[in-house]
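Per chain, numbering begins at 1; letters A, B, ... match sequence-line order.
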There are 2 protein chains.
Amino acid sequence: MVVESARARTLSHVDPAEVPLQSALDALADPVRRSILRDLATHDDWTRACGTFDLPVKKATASHHFAVLRSAGLIEQRDEGARRLNRLRREEFDRSFPGLLSATIDRAD
Amino acid sequence: MVVESARARTLSHVDPAEVPLQSALDALADPVRRSILRDLATHDDWTRACGTFDLPVKKATASHHFAVLRSAGLIEQRDEGARRLNRLRREEFDRSFPGLLSATIDRAD
DNA sequence: ACAACTGTACGACAAGGATCGAACACCATG
DNA sequence: CATGGTGTTCGATCCTTGTCGTACAGTTGT
């Protein structure tokens, strides 16, 4: 029988339709988080674990940023062994905030 | 000879093309400032003085928000007597950040 | 069992920014 | 000129949040 691991059970994902605009903007207003999103936008889904991003912060801080992005409905995460894989929720997020993601990451800072 | 008033001389406007994305997002990430922008978007240019906005903050704070919006290239201001009139710089801002303004203010919070 | 690796949780710290009161400058009007 | 109205500037305060070290949990491989 296939059972969810205890770790995966802690992963709660929100419906982007329920995310306040304030949360979405707060999530997008950080350069490290935008860097993560741009990275995800240029790679296939589920191919990037949290540790594979080249970020200018320590892992505790990176973990915090991933949590913010998840709670803003911008990314989905899934555990694969010891690693946590990521996916950009482009379609879902675009449905709730048309044009916002593109306007924010399809462009240099 | 027509001379700029001392007060108007303090009014510096930036080129939206020179505004960093970070500044634009920081400006848009505040609910009071979004409220100002939505108000401007639904009124004719130069018809709203700073004091005519119904804001949940004191005037010193409101003044700060107008300054942030101006420095982010989102609004233009012009003095008319004792009052400072405002205009939403929609076209200019859209040229630099396509879709960002609409995605942010064409919607409830 | 043990060690190495990945990621989170928690507490602490510092920086930034939103807020306000008070003082000030400018304008208009009596 | 005096008064009232509009808006800015300056400190001070408070709160949020980005940052990190450390400790911990779960996984993988030896």
Asks: If you check every side-chain atom of Ser63(A), which of dT19(D), dG7(C), dT22(D) has the closest atom?
Replies: dG7(C)
Asks: Side chain of Ala82(B) only, heavy atoms from C-beta on: which candidate in dT9(D), dT27(D), dC27(C) is closest?
Replies: dC27(C)
Asks: I need the CZ-P distance between Arg78(B) and dT6(D), as an integer number of Å.
Replies: 18 Å
Asks: Given atom CZ of Arg70(A) and atom C1' of dG7(C), what is their separation to the nearest angstrom?
Replies: 11 Å
Asks: Quick one: Ile36(B) CD1 to dG7(D) P, roughly how many Å, whole number?
Replies: 12 Å
Asks: Under 4.0 Å between any heavy atoms, over every strand shown, what does Lys59(B) touch: base, sugar-phosphate, or nothing? Just pick one.
Replies: base
Asks: When you check the phosphate oxygens OP1 and OP2 of dG26(D), does a side-chain N or O of Arg83(A) lie under 4.0 Å from one of them?
Replies: no
Asks: Rounded to the nearest 0.5 Å, how far does CD1 of Ile36(A) lie from CG of Leu55(A)?
Replies: 5.0 Å
Asks: Can you tell which of dG21(D), dT8(D), dA18(C) lies closest to the side chain of Arg84(B)?
Replies: dT8(D)
Asks: I'd like to know if Arg78(B) pairs up with Glu76(B) as an ion pair, taking the criterion as any Lys NZ or Arg NE/NH1/NH2 lying under 4.0 Å from an Asp or Glu carboxylate oxygen.
Replies: no
Asks: Under 4.0 Å, counting only non-hydrogen atoms across every strand here, what does Ala49(A) touch: a base, just sugar-phosphate, or nothing?
Replies: sugar-phosphate
Asks: With rounding to the nearest 0.5 Å, note down the distance linking CD in Glu92(B) to CZ in Arg87(B).
Replies: 4.5 Å
Asks: Grab the CG-P distance between Asp26(A) and dG16(C) for me, whole Å please.
Replies: 18 Å
Asks: Starting at atom CG of Leu85(B), determine the distance to atom P of dT8(D), rounded to an integer number of angstrom.
Replies: 12 Å
Asks: State whether Thr61(A) places a side-chain N or O below 4.0 Å from either non-bridging phosphate oxygen (OP1 or OP2) of dG18(D).
Replies: no
Asks: Can you figure out which of dA9(C), dA18(C), dG18(D) approaches the side chain of Ala60(A) most closely?
Replies: dA9(C)
Asks: Glu80(B) has an atom CD; how far is it from atom P of dG7(D), in whole Å?
Replies: 12 Å
Asks: Taking Arg38(B) for its side chain and Ile105(B) for its backbone only, find out whether a donor-acceptor pair lies under 3.5 Å.
Replies: yes
Asks: Go through dG18(D), dT19(C), dC20(C) for me and flag the one nearest to the His65(B) side chain.
Replies: dT19(C)
Asks: Which residue, Thr42(B), Asn86(B), Asp39(B), forms the side chain to side chain donor-acceptor pair (under 3.5 Å) with Arg48(B)?
Replies: Asp39(B)
Asks: What is the distance from CG of Asp79(A) to C1' of dT6(C), rounded to the nearest Å?
Replies: 10 Å
Asks: Please work out if His64(A) contacts a base, only the sugar-phosphate, or nothing of the nucleic acid, heavy-atom cut-off 4.0 Å.
Replies: base
Asks: In whole Å, I'd like the distance from the NZ atom of Lys58(B) to the P atom of dT8(D).
Replies: 17 Å
